[in-house]
Amino acid sequence: MKMKAIKAGVLNEAVKLLSRKKYQVFLLLTGLLSIAICSLGGFKIGFIGLSSINSPLTVLSLVTQFILPLMIAMAAADLFTAEQENGSIKAIITRPVSRISILTSKMLAIVLYTILVLLVCLVTSLVYSIVFNGIGVSNIAEVLLAYAVSIVSMLPITLFAITVSQLCKNSSSTVMLSVFGYIVLAAASIILPSVSPILFTTYTGWYKLFIGAAMPIAYILNVLALLVAYTLIFFAISSWAFEKIEY
């Protein structure tokens with residue numbers, strides 16, 4: 001019964017996101033951005049250049065480090081804080097469904113949209129690279145794996161944004177604080193190398209660990225454990241906050 005409620009909730013929340021024009025436009029823009037980056041394959045000015053073979057991975061790097069964190073913050077603001085503002089959350093929590101199921105449904109809807117964005121980037125960049133840049137079969141396998149594992153590094157960022165949304169009173173502050181928090185943590189990982197290994201923002205590009213002849217399995221498992229730990233911690237905090245809020 002609980003799984004059916006979550007499944008129905010995920011479908012409902014995903015439809016909410018996709019029915020909003022800005023998220024439809026967002027998908028279109030990410031697809032166009034992917035094509036634009038791939039079209040620069042082989043372009044070089046001085047020491048700066050883009051490899052046509054690595055264009056899909058260049059797209060992935062940009063999306064995971066900059067675009068998706070912003071999109072995730074916006075989605076968390078719309079599905080949580082905005083509904084608290086306009087009072088529509090009251091109609092949801094009065095249903096015979098636990099609050100943790102509601103939160104889980106909203107979280108999974110954001111994750112599904114994140115996967116959709118990655119799929120759009122993957123398909124557009126890969127098709128363009130195959131048709132125009134002559135990417136090889138071995139490179140295609142690496143690209144597919146890189147995009148698949150990148151979903152994991154987006155999970156703690158998603159739960160971080162949801163946690164922030166429980167602390168904010170309006171959607172604009174949720175977006176600003178989530179993005180600001182992400183930027184601060186990302187900057188800290190650069191400025192303070194000793195702190196970098198324990199920050200989840202350090203691993204938005206962890207897909208690079210899966211590319212190459214030899215994968216550092218032990219290191220990959222350590223990073224995976226860290227990302228899962230952050231995801232569970234933020235989920236616990238956001239669940240507790242969501243349970244305590246009075247509407």
Side-chain angles (χ1 to χ4, degrees), residues 2 6 9-10 13-14 16-17 63-85 89 92-93 97-118 149-190 192 195-207 220-247:
K2 190 173 182 180
I6 292 176
V10 171
E13 299 299 333
K16 277 185 195 176
L17 282 180
V63 169
T64 54
Q65 289 185 53
F66 303 106
I67 297 175
L68 277 178
L70 173 61
M71 182 281 297
I72 289 170
M74 291 167 54
D78 285 334
L79 291 186
F80 287 94
T81 322
E83 291 190 356
Q84 294 171 19
E85 282 185 277
I89 190 70
I92 300 174
I93 62 174
V97 181
S98 66
R99 290 200 180 190
I100 193 167
S101 295
I102 295 170
L103 183 137
T104 302
S105 298
K106 291 178 178 290
M107 175 200 71
L108 290 177
I110 297 173
V111 171
L112 284 177
Y113 185 78
T114 300
I115 294 172
L116 184 58
V117 172
L118 287 172
V149 299
S150 291
I151 298 167
V152 178
S153 62
M154 293 297 104
L155 294 179
I157 294 176
T158 300
L159 270 299
F160 173 71
I162 292 174
T163 300
V164 172
S165 73
Q166 301 307 302
L167 306 175
C168 298
K169 298 296 182 182
N170 58 73
S171 52
S172 59
S173 61
T174 295
V175 175
M176 287 190 293
L177 282 177
S178 296
V179 172
F180 179 72
Y182 173 79
I183 291 173
V184 169
L185 291 172
S189 65
I190 297 171
L192 303 170
V195 176
S196 178
I198 62 171
L199 297 177
F200 63 93
T201 51
T202 302
Y203 303 103
T204 53
W206 89 308
Y207 67 86
I220 287 174
L221 291 176
N222 286 336
V223 174
L224 178 62
L226 181 74
L227 294 175
V228 170
Y230 269 111
T231 300
L232 293 176
I233 290 169
F234 286 134
F235 182 77
I237 295 171
S238 58
S239 298
W240 175 82
F242 193 65
E243 288 280 359
K244 295 296 180 182
I245 294 176
E246 294 184 6
Y247 300 100

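- Distance alone, capped at 3.5 Å, is enough to place a donor-acceptor pair between the S189 side chain and the A186 backbone.
- Scanning both residues, A161 and T174, for their nearest heavy atoms gives O-CG2, 4.4 Å.
- In this structure the side chain of M107 reaches within 4.5 angstrom of the side chain of T104, judged on heavy atoms.
- Residue K169 holds its NZ atom at 7.5 Å from CD of Q84, rounded to the nearest 0.5 Å.
- Atom OG of S239 is separated from atom CD1 of I102 by 11.5 Å, given to the nearest 0.5 angstrom.
- Taking CD1 of I93 as the reference point, atom OG of S101 lies at 13.5 Å (rounded to 0.5 Å).
- Nearest heavy-atom pair across T64 and Y182 is O-OH, 4.1 Å.
- Closest heavy-atom contact between F160 and G181: CZ-CA, 4.0 Å.
- In terms of heavy-atom proximity, C168 sits nearest to T81 at O-CG2, 3.6 Å.
- A donor-acceptor pair is defined here as one N or O able to donate and one able to accept, closer than 3.5 Å; such a pair exists between the side chain of S105 and the backbone of I6.
- In this structure, L118 and L68 have side chains that are in contact, with non-hydrogen atoms separated by less than 4.5 Å.
- In this structure, CD1 in I72 is found 3.5 Å from OG1 in T158, a value given to the nearest 0.5 Å.
- Remark: side-chain polar atoms of Y230 are paired, donor with acceptor, to backbone N or O of I198 under 3.5 angstrom.
- Evaluation of the salt bridge (Lys or Arg N to Asp or Glu O under 4.0 Å) test over residues 104-115, restricted to residues two or more places apart or in two chains, returns E13-K106, E83-K106.
- Here the closest non-hydrogen pair linking A73 and S178 is CB-CB, 3.7 Å.
- Scanning for side chain to side chain contact (heavy atoms under 4.5 Å, CB included) contacts around L227 gives V152, S153, P156, F200, Y203, W206, V223, with sequence neighbours left out.
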Evaluate the side-chain contact (heavy atoms from CB on, under 4.5 Å) criterion for residues T204 and M154: first the C-alpha distance (whole Å), next the side-chain angles of each, then the deciding distance (0.1 Å), finally the verdict. CA-CA 7 Å; T204 53; M154 293 297 104; 4.1 Å; yes
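- Side-chain contact between F234 and I162: absent, with no pair of heavy atoms (C-beta onward) separated by less than 4.5 Å.
- The structure places OG1 of T201 at 7.5 Å from CD1 of I157, a figure rounded to the nearest 0.5 Å.
- Note that the CG atom of L226 and the OG1 atom of T231 stand 9.0 Å from one another [nearest 0.5 Å].
- Heavy atoms only, all atoms of each residue included: L155 and V111 are closest at CD2-CG2, 3.8 Å.
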Can you check side-chain contact (heavy atoms from CB on, under 4.5 Å) on T114 and I151, steps first, answer last? CA-CA 8 Å; T114 300; I151 298 167; 5.9 Å; no
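- Between Q166 and E243 there is no side-chain heavy-atom pair separated by less than 4.5 Å.
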